[in-house]
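By convention here, the first residue in the shown sequence is residue 1.
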Amino acid sequence: MNQKTFRFVSLLLGLAIAFPAKDSSVIAQDSSLKSSVSRSTKIPCPVPPDPEEVEGKTIICGVVAVPEDYSKPTGRQVELTYTLLRSKSLSPQPDPVVVLHGGPGSGDISALSFMIPLYTQQRQSRDVILFDQRGSQYSGDLACSPTAFILEKVINAPGNELAKKYAAFAQKFKDPIVDPDGQALAVFALCHSILKGYGADLNQYNTTNNARDVVNLASALGYDKINLYGISYGTYLGMRVMRDHPQRIRSVVLDSTIPPQVKKYEAVVRDLEVSTLNLIEDCQQDKACNGAYPNLKARTIALLKALDKKPIPIPSNDKNKPPESVTVKAFEALIRKMNQDYRISEYLPLMISELEKGVTTTYVGAASGKIFTTPAPKTIPIGAPQELMAKGDELRQQARKLLSERAKFLESRRPSQQWVQQVLNVIETLPEKERTITRGNFYGVGYQSGMPRDRKTLIATIAEIFPKSQVEALTKPLQTKTDTEIRHIYEVIGTIFRNAELLDASTPGGTFRSFDCQDLVPSSNPAQTEANAKQMEMPELGRSNLKAARQAYALCKSWQVEPAPAKNSEVLKSTIPTLVLQGRYDIQTNSTVGKQAMAGLTNGTYLEFPKAGHGVLLFSQCAKDVGAAFVNNPSRPPNAECRETLKPKFVLPPVK
């Protein structure tokens, strides 16, 4: 192969060695709305809608182009992919519910079958709009997976002369605490360079522009007033829309809230502790639970310290299975699991009581799920914190498996998917040494410097990376495909790849870092984060999040974006009717953080939900009912009596 065959590899290494100094220029932000947004263009839904939906009638998918940089309205555009869920009413209200997803960058379009049922009640009276925010999977995906793939499969492959070049580059990012060999931090530095080389202005992927996108999307779809339902980061975005565009908002529901004034990476160390303390408080307020497990807080603190010194072995009769034990990390993992599975909360006091005696029965049953008599709740992680540098061997194996299994996604009849499958089939016929590089270059087709994601780029890439004998068969079908199918080809390629690399498993790495390093990291102080961790009552439960915070600080040093103005971290003062929903066992936006959303909301109501983790909407019909009733009549105080039925029924010790 000649050097041209290494187009994406060469781009990656060329940018890496010439890694630029931090740009101190500030991108000017124009606060006024400009009429630069194109009209909505309907497209086939990127993922199949539910069988009961009729595409084009009850559910409509499309794109709305907005400027990447609002100060350059005729410059580079970002296509926002949306799904409009038509109201079931024959006379729907004129103001839709616009759903703001978490992350930043998690996206809703890829999870349509899960998201649609969540808003069934809202659709009884008005339309519901789901969309992928800028930089998310179906709206200009800023993924880091192609970079990671090339590094692992090509550059760091045994015997490759490029490995030394990369190793020297990685030395620049060595951090004795966060990343001793610099490898993980270097991946993100390279990803930043690749995205920048492709032409993305990463400074424009921020919450201020995201807020403008929300109102411009609504305008393009013909709506004036809108209602917002934000979850996780979507609450941070929702509060920005409230601040910048209050005249467009009728009502707001904030679910699992990150208020702008909260210093996220100073508060994050306490997430698991607050959730655990809330559960302990719930037990203390329950007469039977408190009687069975008195002084539970002090006992839990003592248990964690004991586990830290000496883990409790788990008995096993399986000689072929390595011995296991209950460690602080294992206890922490169960608290994290409670964030999605509220059933664990009812067994936790009993588990603590048993572990004090060295008994692991309830722990094993809760961890495995075998102890439960009710089905597990159907939830998905929303904006889950990512420990991006800790990839275990087991997860790596799962990631490899996903790469081959993802071919199943391409079995549908859509022309774009069939063409991608055709290319993958041809790759498998190439000599073994050429397959990985060809696959890497194909997956990197949307990240080539100066080459937009269009038909011409696809044809040029195929001509360059495949033998001449294969080119015509692969490029001829591209000539007759519609622009919509060409666009979807890039989405299909990205979808296959992101599921094979954990780097973009829940959110595109480039999107998350661009938002995080502008909006959320700069307001936090690393020294205060360390101090907060030391002051915890249960410091053992803060270690993982302390590590994640350190990683965030380190990553933002090399992710070159300008921090947001200080005013963006001020308390939001608003009279817009707002409902703040908070899960008692939320370990991603803990209740201490959630309560602070009320600081400037003079027309706000705060409600906590028992047995709920992150994304209260996911946990109960009660939360759905309360949210829908509030949107229907935001001037009336919500009736939340249904929360009484959600109180945990703690499992008591067996009667002797």
- Message: Show the nearest heavy-atom pair for residues N339 and I587, with the distance to one decimal.
- Response: OD1-N, 3.1 Å

- Under 4.5 Å between any side-chain heavy atoms of V631 and V97, yes or no? yes

- Task: Check for a donor-acceptor pair, side chain of D179 on one end and backbone N or O of A184 on the other, with a separation under 3.5 Å.
- Result: yes

- Heavy-atom nearest pair, R336 first then S544, reads NH2-CB, 3.5 Å

- Message: Is any side-chain heavy atom of R240 closer than 4.5 Å to one of N568?
- Response: yes

- Message: Go through it in stages, so that I can follow the logic: the residues are S275 and D586, the test is side chain to side chain donor-acceptor pair (under 3.5 Å), and I'd like the CA-CA distance, side-chain angles, deciding distance and then a yes or no.
- Response: CA-CA 6 Å; S275 178; D586 186 342; over 6 Å; no

- So, R243 and E570, do they make that salt bridge, N to O below 4.0 Å? no

- Message: So that I can tick it off, tell me whether E530 and R550 are bridged by a salt bridge, with the cut-off set at under 4.0 angstrom between side-chain N and carboxylate O.
- Response: yes

- D286: what forms a side chain to side chain contact (heavy atoms under 4.5 Å, CB included) with it, not counting sequence neighbours? A288, C289, F650

- For the student: nearest non-hydrogen atoms of A640 and L607, plus distance: CB-CD1, 3.8 Å

- Item | L254 side chain reached by V252 side chain, heavy atoms, under 4.5 Å | yes

- Note on the structure: Rounded to the nearest 0.5 angstrom, the CG-NE2 distance for N590 and H614 is 11.0 Å

- Message: Can you see whether N290 engages Q285 through a side-chain donor-acceptor pair at a distance of less than 3.5 angstrom?
- Response: no

- Item | Partner of V98 under side-chain contact (heavy atoms from CB on, under 4.5 Å), chosen from V128, D127, I226, I249 | I226

- Note on the structure: Rounding to 0.5 Å, atoms CE (M242) and CG (L601) come to a distance of 5.5 Å

- What's the shortest heavy-atom distance between F609 and C622, and which atoms? CE2-SG, 3.7 Å

- Please answer whether the main-chain N or O of V521 pairs with a side-chain N or O of K264 as donor and acceptor at a distance below 3.5 Å. no

- Quick one: pull up CG in L228 and CG in D95 and give me the separation to the nearest 0.5 Å. 11.0 Å

- Would you check if the side chain of Q261 reaches a backbone N or O of Q596 as a donor-acceptor pair within less than 3.5 Å? yes

- Message: If you count every heavy atom of other residues, nucleotides or ligands that lies below 6.0 Å from K225 atom NZ, does the total exceed 12?
- Response: yes

- Message: Pairing donors with acceptors under 3.5 angstrom, does anything connect the side chains of D282 and Y585?
- Response: yes

- Query: Heavy-atom distance under 4.5 Å between the side chains of T605 and P638, does that happen here?
  - Reply: yes

- Query: Do N603 and T575 have side-chain N/O donor and acceptor atoms under 3.5 Å apart?
  - Reply: no

- Item | Donor-acceptor under 3.5 Å (S368 side chain, V364 main chain) | yes

- Query: Between E266 and T529, does any side-chain donor sit less than 3.5 Å from a side-chain acceptor?
  - Reply: no

- Message: Closer than 3.5 angstrom, by distance alone: can the side chain of S125 be matched with the main-chain N or O of S89 as a donor-acceptor pair?
- Response: no

- Query: According to the side chain to side chain donor-acceptor pair (under 3.5 Å) rule, which pairs have a member within residues 296-305, sequence neighbours left out?
  - Reply: K297-E537, R299-E356

- Please round to the nearest 0.5 Å and tell me the distance separating atom CD of E273 and atom CD of E540. 9.5 Å

- Message: What I want to check is whether the side chains of K624 and S620 have a donor and an acceptor closer together than 3.5 Å.
- Response: no

- Query: Taking side chain as C-beta onward, heavy atoms only, is Y342 less than 4.5 Å from I344?
  - Reply: no

- Query: Any side-chain donor-acceptor pair under 3.5 Å between D255 and T257?
  - Reply: no

- Query: For L546 and V269, which heavy atoms make the closest approach, and how far apart are they?
  - Reply: CA-CG1, 3.8 Å

- Report yes if some heavy atom in the side chain of L334 is under 4.5 Å from a heavy atom in the side chain of L348; otherwise report no. yes

- Under 6.0 Å between ring centres, would you say that holds for Y347 and Y363? no

- Message: Using 30° and 60° as the class boundaries, would you call the ring planes of H101 and F131 parallel, tilted or perpendicular?
- Response: tilted

- Drop me the distance from Y82's OH to D132's CG, to the nearest 0.5 angstrom. 13.5 Å

- Query: Can you check whether D519's main-chain N or O pairs, donor with acceptor, with Y236's side chain at less than 3.5 Å?
  - Reply: yes

- Message: Could you check whether any side-chain heavy atom of L617 comes within less than 4.5 Å of a side-chain heavy atom of Y119, counting everything from C-beta outward?
- Response: yes

- d(L237 CG, L100 CG) to nearest 0.5 Å is 4.5 Å

- Item | Polar side-chain atom of S325 near backbone of T327 as donor-acceptor pair, under 3.5 Å | no

- Task: Could you check E644 against K611 for salt bridge (Lys or Arg N to Asp or Glu O under 4.0 Å), going step by step and ending with a plain yes or no?
- Result: CA-CA 11 Å; E644 290 297 314; K611 288 200 304 186; over 6 Å; no

- Short side-chain to backbone donor-acceptor contact, T507 and S106, under 3.5 Å: no

- With a 4.0 Å cut-off, would you call K649 and E346 a salt bridge? no

- Please check if any side-chain donor atom of E608 sits under 3.5 Å from a side-chain acceptor atom of Y606, or the reverse. yes

- Check: P260 and S569 side chains under 4.5 Å, non-hydrogen atoms: no

- Message: Side chains of Y265 and N532: any donor to acceptor distance under 3.5 Å?
- Response: no

- Task: Could you check K357 against E354 for salt bridge (Lys or Arg N to Asp or Glu O under 4.0 Å), going step by step and ending with a plain yes or no?
- Result: CA-CA 5 Å; K357 306 177 184 69; E354 288 183 353; over 6 Å; no

- Query: Any sub-3.5 Å donor-acceptor pair from T235's side-chain atoms to I258's backbone N or O?
  - Reply: yes

- Message: I'd like to know if the side chain of R270 pairs up with that of N545 as donor and acceptor (distance under 3.5 Å, no hydrogens or angles considered).
- Response: no

- Taking all non-hydrogen atoms of both residues, which atom of T589 and which atom of Q582 are closest, and how far apart? O-NE2, 2.9 Å

- Flag for Y233-T207: side-chain donor and acceptor within less than 3.5 Å: yes

- Message: When you measure from the side chain of S232 to the backbone of G234, do you find a donor-acceptor pair of N or O atoms at a distance under 3.5 Å?
- Response: no

